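Following: one structure in structure tokens, then a few remarks.
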Amino acid sequence: MDISNPQNKVALIAGPTASGKTALALHLAKSGNFIIINADSAQVYSDLPILSAQPTAEEQRSVPHHLFGYLDGVTPCSAARWAADARGVIAHAHATGKTPILVGGSGLYIRTLLDGIAPIPEVTLELRTEIRAMPVEQAYAALQHYDAPVAASLAPTDISRITRALEVVQSTGRSISEWRKSKTGGIGDSITLRPLLLLPPRDWLYKRCDNRFEMMMERGAVAEVEALLLRNLPQDAPVMRAIGVPEISAYLNGTLHRDEAIARGQIATRQYAKRQFTWFRNQAPIAWPRIELEINDSNSDNFETIFQ
RNA sequence: GGACAGGUGGCCGAGUGGUUAAAGGCAGCAGACUGUAAAUCUGCCCGGUUUUCCGUACGCUGGUUCGAAUCCAGCCCUGUCCA
């Protein structure tokens with residue numbers, strides 16, 4: 001245990017996209033010996049600094065930032081992968097007397113870091129690719145055959161969960177529901193968490209989503225997607241489905257006009273914010289403080305209590 | 001001025017006499033959520049406190065019919081074409 005940081009404090013600022021997390025974290029981080037750690041599943045990729053709304057290079061220089069753009073788009077991230085990486089960064093921060101601030105909107109990632117996750121062995125790329133190539137009906141039928149109870153618990157249309165359950169039984173010979181009876185790797189019990197959930201007014205949030213996407217378009221999002229497309233990554237790679245990539249791709253290949261691409265990108269952003277809102281509102285521990293205010297420069301200081 | 005085409009629920013768009021509160025899609029709202037989660041999926045979605053209930057509804061007005069979004073007449077509006 002490190003004497004300079006006896007409490008192993010970890011701050012967390014979570015909330016939907018465009019809720020002002022990044023700015024708030026940066027603002028608060030400047031007041032002390034902090035580092036900022038990304039907790040967003042799209043901001044991990046180096047291919048999308050603009051479209052995934054990573055802090056600017058300048059911002060990243062003002063305070064140490066970690067796990068932003070640290071993976072190449074060919075490497076799909078996962079909750080477990082990110083959690084392991086975050087664990088390492090946090091341990092190092094604590095060892096050097098710094099307090100990490102986790103900032104992000106990926107609820108599952110954050111939960112995995114804190115609570116751990118089922119210790120399921122890595123699934124081979126071959127099997128995974130094979131299973132993901134299956135149409136839903138076929139995948140569901142296969143799951144009914146290999147793991148009927150889990151199949152029964154899932155909607156026959158839920159391709160994402162069906163394929164995961166299927167790849168797990170097929171590669172380990174054991175039901176995913178069995179695996180899930182245990183969780184490993186969570187650090188929640190060994191740290192002092194200072195969480196803060198940002199759940200601002202909906203109309204304010206949506207306006208910011210709209211503005212943000214337009215700003216991205218003006219600041220190079222198109223060129224970013226253009227470069228990404230040249231890489232010919234698989235369509236289902238996480239980077240390829242980041243908000244804005246499909247919309248801007250459609251614009252680039254002439255399927256959509258610029259205005260339509262923007263409108264759709266804005267809608268996708270808002271819908272995503274909405275989903276995150278629902279996640280944090282209902283999935284996060286009730287004890288976590290919820291801030292239902294609009295975050296801005298004039299009230300940011302009020303949240304310094306998060307670090308006390 | 002004339003000829004066609006068309007006006008459907010917030011938007012797009014099916015429906016051409018009853019089984020239609022009106023397919024489907026979009027947007028919106030609510031929810032789920034353990035390894036690609038910026039993913040994936042579910043419910044609601046004209047109004048009325050639940051309903052096999054009531055009201056209102058397919059440009060407007062009137063008509064035909066047991067019954068009309070669907071047929072007829074007139075009017076208004078939109079698009080394309082001819083003048």
Side-chain angles (χ1 to χ4, degrees), chain A residues 14 16-18 38-45 47-48 50-54 71 73-85 104-125 128-129 131-132 136 139-140 150 153-168 171-172 175-186 202-203 206 209 212-213 216 221 233-248 260 263-284:
Chain A
T17 215
N38 166 240
D40 183 288
S41 68
Q43 295 189 2
V44 301
Y45 300 110
D47 305 68
L48 302 173
I50 298 167
L51 215 47
S52 73
Q54 291 172 31
L71 290 179
V74 275
T75 311
C77 192
S78 74
R81 163 72 196 271
W82 174 84
D85 294 340
S106 296
L108 176 62
Y109 278 28
I110 294 164
R111 175 190 275 175
T112 300
L113 173 65
L114 298 175
D115 300 349
I117 198 163
I120 303 171
E122 206 73 31
V123 175
T124 64
L125 187 64
R128 173 162 282 193
T129 307
I131 287 176
R132 286 173 195 243
V136 219
Y140 191 67
V150 168
S153 73
L154 296 174
T157 43
D158 194 345
I159 187 66
S160 194
R161 296 191 175 80
I162 290 168
T163 49
R164 165 97 273 239
L166 187 55
E167 68 181 17
V168 171
S171 74
T172 69
S175 170
I176 194 170
S177 62
E178 285 300 314
W179 284 109
R180 285 178 180 167
K181 285 176 180 167
S182 72
K183 284 181 179 181
T184 60
R202 197 64 65 84
D203 52 347
Y206 283 4
C209 287
R212 192 177 85 155
F213 195 82
M216 288 172 173
L233 297 175
Q235 275 307 306
D236 65 347
V239 242
M240 295 300 286
R241 349 197 239 190
I243 288 167
V245 172
E247 292 81 5
I248 293 173
E260 295 168 332
R264 294 209 194 180
Q266 291 172 323
I267 288 169
T269 306
R270 282 184 251 129
Q271 294 178 326
Y272 171 52
K274 205 279 170 190
R275 264 177 277 136
Q276 292 179 110
F277 205 100
T278 301
W279 167 282
F280 289 116
R281 182 206 269 162
N282 303 304
Q283 300 294 318

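Labels below follow one simple rule: chain letters A, B, ... track the order of the sequence lines, proteins then strands, and each chain is numbered from 1. From a predicted model like this one, the values you see are computed outputs, not experimental measurements. Scope of the values below: all heavy atoms of this structure, side chains included, with no hydrogens, waters or symmetry mates.
Rounded to a whole Å, the CD atom of Gln283(A) is 12 Å from the C1' atom of A37(B). Atoms OH (Tyr272(A)) and P (A39(B)) sit 7 Å apart, rounded to a whole Å. Atom CZ in Arg111(A) sits about 10 Å away from atom P in G35(B), given to the nearest Å. Remark: C1' of A39(B) and CD1 of Ile131(A) are 17 Å apart, rounded to the nearest angstrom. Regarding Phe277(A), its CZ atom lies at a distance of 15 Å from the C1' atom of G28(B), rounded to whole Å. Distance, Met240(A) CE to U40(B) C1': 19 Å, rounded to whole Å. The interatomic distance linking Asp158(A) (CG) with G43(B) (P) rounds to 12 Å, in whole Å. Computed from coordinates, the Arg275(A) CZ to C29(B) P distance equals 12 Å when rounded to whole Å.
Closest to the Arg241(A) side chain, of the nucleotides A39(B), C29(B), C41(B), is A39(B). Between U42(B), C29(B), G35(B), one nucleotide has an atom nearer to the side chain of Ala155(A) than all others, and that is U42(B). Across A30(B), U40(B), G35(B), the shortest atom-to-atom separation from the side chain of Ala79(A) is found for G35(B). Distances were taken from every side-chain heavy atom of Trp279(A) (C-beta onward) to each of U34(B), U40(B), C33(B); the shortest belongs to C33(B).
Closest non-hydrogen pair, Ser177(A) versus Ser175(A), comes out as OG-OG, 2.7 Å. Of all non-hydrogen atoms in Ala53(A) and Gln43(A), the two that sit nearest each other are O-NE2, 3.0 Å. Contact record, Cys77(A) with Tyr45(A): N-OH, 2.8 Å, taken as the closest heavy-atom pair.
Proximity of Lys181(A) to the phosphate of U34(B): no side-chain N or O atom is located under 4.0 Å from OP1 or OP2. Between Tyr140(A) and the phosphate of C41(B), there is no side-chain N or O to OP1/OP2 separation shorter than 4.0 Å. Contact annotation: Arg161(A) does not reach the phosphate of A32(B) (side-chain N/O to OP1 or OP2, under 4.0 Å). Proximity of Arg202(A) to the phosphate of G28(B): no side-chain N or O atom is located under 4.0 Å from OP1 or OP2. Dashed line: the shortest gap from a side-chain N or O of Asn282(A) to OP1 or OP2 of C33(B) is not under 4.0 Å. In terms of phosphate contacts, Ser78(A) brings no side-chain nitrogen or oxygen within less than 4.0 Å of OP1 or OP2 of A37(B). Contact annotation: Arg270(A) reaches the phosphate of G28(B) (side-chain N/O to OP1 or OP2, under 4.0 Å).
With both ends at atom C1', the span from G1(B) to C72(B) equals 26 Å, rounded to whole Å. Spacing between G15(B) and G59(B) at atom P, rounded to whole Å, works out to 15 Å. Rounded to a whole angstrom, the distance from the C1' atom of G47(B) to that of G9(B) is 12 Å. Annotation: A27(B) and U20(B) have their C1' atoms spaced 24 Å apart (nearest Å). Only the P atoms considered, C12(B) is 28 Å distant from A39(B), to the nearest whole Å. For the P atoms, the distance linking U61(B) with U8(B) amounts to 16 Å, nearest Å. Rounded to a whole angstrom, the distance from the P atom of G35(B) to that of C44(B) is 27 Å. Taking atom C1' in both A68(B) and A22(B), one finds a spacing of 13 Å when rounded to whole Å.
The residue among Pro121(A) and Arg212(A) whose nearest nucleotide of RNA chain B is located toward the 5' end is Pro121(A).
Under the 4.0 Å criterion applied to side-chain N and carboxylate O atoms, Glu167(A) and Arg128(A) are assigned as salt-bridge partners.
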Detail all sub-3.5 Å separations between protein N/O atoms and N/O atoms belonging to nucleotides 24-26 of chain B.
none

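Within the nucleic acid shown, Thr17(A) has no heavy atom closer than 4.0 Å to any nucleic acid atom. The residue Pro119(A) sits close to a base: some heavy atom pair falls under 4.0 Å. Residue Thr112(A) is classed as having no contact, given no heavy-atom separation below 4.0 Å to the nucleic acid. Contacts of Ala237(A) with the nucleic acid, taken as non-hydrogen atoms under 4.0 Å apart, include base atoms. Ile120(A) comes within 4.0 angstrom of a base, heavy atoms only. Leu51(A) comes within 4.0 angstrom of a base, heavy atoms only. Counting non-hydrogen atoms under 4.0 angstrom, Phe213(A) reaches nothing in the nucleic acid.
Looking only at side-chain heavy atoms (C-beta outward), Arg164(A) and Val123(A) come within less than 4.5 Å of each other. At least one side-chain heavy atom of Pro121(A) sits less than 4.5 Å from a side-chain heavy atom of Trp179(A).
Rounded to the nearest 0.5 Å, atoms CD (Glu260(A)) and CD (Glu247(A)) are 12.0 Å apart. Distance check: Ile267(A) CD1 to Phe213(A) CZ gives 10.5 Å after rounding to the nearest 0.5 Å. Rounded to the nearest 0.5 angstrom, Met216(A) CE and Ser52(A) OG are separated by 7.0 Å.
Under the salt bridge (Lys or Arg N to Asp or Glu O under 4.0 Å) criterion, the residue pairs touching residues 267-281 of chain A are Asp210(A)-Arg270(A), with sequence neighbours excluded. Note on residues 112-122 of chain A: no pairs pass side-chain hydrogen bond (donor to acceptor under 3.5 Å, both in side chains), not counting sequence neighbours.
Stem list for RNA chain B (at least 3 consecutive Watson-Crick or G-U pairs, distances under 3.5 Å): B:1-7 with B:76-82, B:10-12 with B:24-26, B:28-32 with B:40-44, B:46-48 with B:53-55, B:59-63 with B:71-75.
Listed by chain and residue number, Trp82(A) satisfy the ring-ring contact (aromatic ring centres under 6.0 Å, His included) test with Tyr109(A) (two or more places apart in sequence, or in another chain). For Arg212(A), there are no salt bridge (Lys or Arg N to Asp or Glu O under 4.0 Å) partners at least two apart in sequence or on another chain.
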